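Below is one structure, written out as structure tokens, with a few remarks after it.
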Amino acid sequence: MIIDAHIHLWRLGRGDNLALTPEMGSIYRDLEPQDIKPKLDAAGVSLAVLVQAAETLAEALFIVGLARKFPWIAGIIAWIDPASPSVDEEAAALAWLPPVKGVRPVRGDNRSIDWMLNRQLERGWRAIAANGLSLDILVQNWREISLAAVLARNNPDLVVILDHCGKPDIAGGVFDPWAQYIDELAVLPNVSCKLSGLLNCAKPGTAVTDIAPYAAHVLNAFGPSRVMWASDWPPLELAASYAHWIEISRELLQPLSAQHRNEVLSGTATRVYQLNQN
């Protein structure tokens with residue numbers, strides 16, 4: 001079985017997808033279950049985890065509603081404001097909804113995650129952990145992976161997932177500093193990583209051989225039991241098709257044993273996101 005651990009769906013008329021702009025071209029339109037399901041089926045993907053794409057709690061209701069209508073949406077990663085005066089109740093409410101498995105707090109599309117280290121947010125991180133929710137961290141600048149490590153180290157009871165391998169600069173050929181930051185994060189047992197986003201970090205037409213060292217480093221640093229495969233669709237479409245990413249992914253995972261491939265393709269996401277608990 002294959003689980004896509006990171007997709008987005010949106011309906012622009014709702015008005016809260018502020019990170020989306022007309023400059024995004026082909027993906028600046030309504031993208032809903034009927035747009036992704038044929039791609040999942042063609043790739044042999046059985047289930048998907050739907051991740052927030054708006055910085056509102058209202059969006060959580062929208063995507064939970066989608067999960068109720070479409071059972072192949074196995075889990076929801078909702079937005080939350082860890083600084084909210086009612087964060088305890090909001091985390092409890094999200095956790096009460098069976099599809100919600102975790103949260104992804106984002107401010108200004110996380111152009112920087114420095115805000116996440118504000119000590120006034122500690123109550124928010126405790127509330128998320130206490131309610132059994134995981135924490136996805138979107139890092140837009142790979143140099144800030146070290147900040148994610150500080151947050152995870154300071155909150156050992158919090159299940160943390162780094163999105164998109166921390167967005168390495170594959171196009172610029174930057175490897176060693178990024179790899180060191182990944183190593184720093186991977187030593188923390190409460191952190192996992194999504195094998196996704198690499199094509200968007202590379203130049204158009206980049207060969208799999210240029211991407212392979214980054215994937216291999218993530219797999220070696222975290223181990224297959226803490227890496228989950230994902231597409232980051234529809235942003236993926238700005239770099240390549242879903243079919244192309246699944247084809248490249250199979251090549252990247254080929255050196256692993258069958259058991260370890262299964263961990264990356266479904267086992268890690270199932271366990272970390274508790275997808276079998278509804």
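If you read the sequence from its start, that first residue is 1, and numbering goes on from there. The structure displayed is predicted, hence computed values, not measured ones.
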Check: Is there a donor-acceptor pair under 3.5 Å between the side chain of D16 and the backbone N or O of A58?
Finding: no
Margin query: Which residues pass the side chain to side chain donor-acceptor pair (under 3.5 Å) test with S196, not counting sequence neighbours?
Written below: H164
Next item on the list: Answer yes or no: is there a donor N or O on one side and an acceptor on the other, between the side chain of N190 and the main chain of L158, under 3.5 Å?
Entry: yes
Check: Under the criterion side-chain contact (heavy atoms from CB on, under 4.5 Å), which of I161, V191, L151 is the partner of I137?
Finding: L151
Item checked: Residue pair S257 / Q259, side-chain donor-acceptor N/O under 3.5 Å -> no
Notebook entry, point to check: Would V139 and L147 count as a side chain to side chain contact (heavy atoms under 4.5 Å, CB included) if you check the C-alpha gap in whole Å, the side-chain angles of each, and the deciding distance to 0.1 Å?
Noted result: CA-CA 9 Å; V139 173; L147 302 185; over 6 Å; no
Note to self: Hydrophobic cluster membership, with links at side-chain heavy-atom distances under 4.5 Å among I/L/V/M/F/W/Y: are F62 and L18 in one?
What the structure shows: no
Item checked: Considering all heavy atoms, the nearest L121-P82 contact -> CD2-C, 4.0 Å
Check: Is there a donor-acceptor pair closer than 3.5 Å between any side-chain N or O of D169 and the backbone N or O of G172?
Finding: yes
Next item on the list: Please round to the nearest 0.5 Å and tell me the distance separating atom CD1 of I246 and atom CG of D4.
Entry: 8.0 Å
Next item on the list: Might you point out which heavy atoms bring G13 and D30 nearest each other, and give the distance in Å?
Entry: N-OD1, 4.3 Å
Margin query: Against I3, only a single residue in L265, V45, L275, V264 fulfils side-chain contact (heavy atoms from CB on, under 4.5 Å); can you say which?
Written below: L275
Check: With no hydrogens and no angle check, do the side chains of W115 and N110 hold a donor and an acceptor under 3.5 Å apart?
Finding: yes
Notebook entry, point to check: Do you reckon L199 sits in the same ILVMFWY cluster as F175, going by side-chain contacts under 4.5 Å, direct or chained?
Noted result: yes
Item checked: P33 versus W72, closest heavy-atom pair with distance -> CB-CZ2, 3.6 Å
Item checked: Backbone N/O of A230 and side chain of H6: donor-acceptor pair under 3.5 Å -> no
Notebook entry, point to check: According to a 4.5 Å side-chain heavy-atom criterion applied to Ile, Leu, Val, Met, Phe, Trp and Tyr, with indirect links allowed, do V87 and L61 form part of one hydrophobic cluster?
Noted result: no
Next item on the list: Calculate, to the nearest 0.5 Å, the distance between atoms CG and CG belonging to N154 and L117 respectively.
Entry: 7.5 Å
Note to self: Between D232 (side chain only) and G197 (backbone N and O only), is there a donor and an acceptor less than 3.5 Å apart?
What the structure shows: no
Item checked: K37 and F70: CA distance, side-chain angles, deciding distance, side chain to side chain contact (heavy atoms under 4.5 Å, CB included) verdict -> CA-CA 10 Å; K37 188 60 164 65; F70 301 95; over 6 Å; no
Item checked: Any P168 side-chain heavy atom under 4.5 Å of V174 side chain -> no
Next item on the list: Return each pair, listed once, that meets salt bridge (charged side-chain N to carboxylate O under 4.0 Å, His left out) where at least one residue sits in residues 200-221; pairs must be two or more places apart or across chains.
Entry: none
Next item on the list: Rounded to the nearest 0.5 Å, what's the gap from CD1 on I77 to OH on Y273? Could you check?
Entry: 4.0 Å
Check: Checking R104 side chain against Q52 main chain: does a donor-acceptor pair fall under 3.5 Å?
Finding: yes
Next item on the list: Determine, using the 4.5 Å side-chain heavy-atom cutoff (strictly less than), whether W10 and L238 are members of one ILVMFWY cluster.
Entry: yes
Notebook entry, point to check: Quick one: are T270 and M228 in side-chain contact, heavy atoms under 4.5 Å?
Noted result: no
Next item on the list: Write out all pairs satisfying salt bridge (charged side-chain N to carboxylate O under 4.0 Å, His left out) with one or both partners inside residues 233-250, taking only residues at least two apart or from two chains.
Entry: K39-E237
Next item on the list: May I ask you to decide if C165's main-chain N or O and W178's side chain share a donor-acceptor pair within less than 3.5 Å?
Entry: yes
Item checked: Heavy-atom side-chain contact between R226 and E263 under 4.5 Å -> no
Note to self: Between E55 (side chain only) and G108 (backbone N and O only), is there a donor and an acceptor less than 3.5 Å apart?
What the structure shows: yes
Next item on the list: Answer whether the closest heavy-atom distance between the side chains of D35 and W233 falls below 4.5 Å.
Entry: yes
Item checked: Salt-bridge present (R123, D88; N to O < 4.0 Å) -> yes
Notebook entry, point to check: Please walk me through it: do I182 and I145 pass side chain to side chain contact (heavy atoms under 4.5 Å, CB included)?
Noted result: CA-CA 7 Å; I182 287 292; I145 295 173; 4.0 Å; yes
Next item on the list: Run the salt-bridge test on R107 and D81 with the 4.0 Å N-O cut-off and return the result as yes or no.
Entry: yes
Margin query: Could you tell me if the side chain of Q274 sits less than 4.5 Å from the side chain of S134, heavy atoms only?
Written below: no
Notebook entry, point to check: Under 3.5 Å, side chain of W79 to main-chain N/O of V106, donor-acceptor pair present?
Noted result: yes
Item checked: Gap between atom CG of N131 and atom CD of E89 - 0.5 Å precision -> 9.5 Å
Check: NZ/K194 to CG/L138 distance, rounded to the nearest 0.5 angstrom?
Finding: 10.0 Å
Check: Looking only at heavy atoms, which two atoms of H8 and P235 are closest? And how far apart?
Finding: CD2-CD, 4.0 Å
Item checked: Closest contact, heavy atoms only, P71 versus L47 -> O-CD2, 4.2 Å
Check: Can any side-chain N or O of E59 pair as donor or acceptor with the backbone N or O of A53 at less than 3.5 Å?
Finding: yes
Next item on the list: Indicate the atoms forming the closest heavy-atom contact of V49 with A5, along with that distance.
Entry: CB-O, 3.5 Å
Check: Is a side-chain donor-acceptor pair under 3.5 Å present for E184 with S146?
Finding: no
Check: Is atom CZ of R68 surrounded by more than 12 heavy atoms (other residues, nucleotides or ligands) closer than 6.0 Å?
Finding: no
Margin query: What's the separation between atom CD1 in I128 and atom CG in L94, rounded to the nearest 0.5 Å?
Written below: 9.0 Å
Check: Do T268 and W229 pass the side chain to side chain contact (heavy atoms under 4.5 Å, CB included) test, and can you show the C-alpha distance, the side-chain angles, and the key distance before you say yes or no?
Finding: CA-CA 9 Å; T268 301; W229 179 84; over 6 Å; no
Notebook entry, point to check: Is any side-chain heavy atom of L253 less than 4.5 Å from a side-chain heavy atom of L195?
Noted result: yes
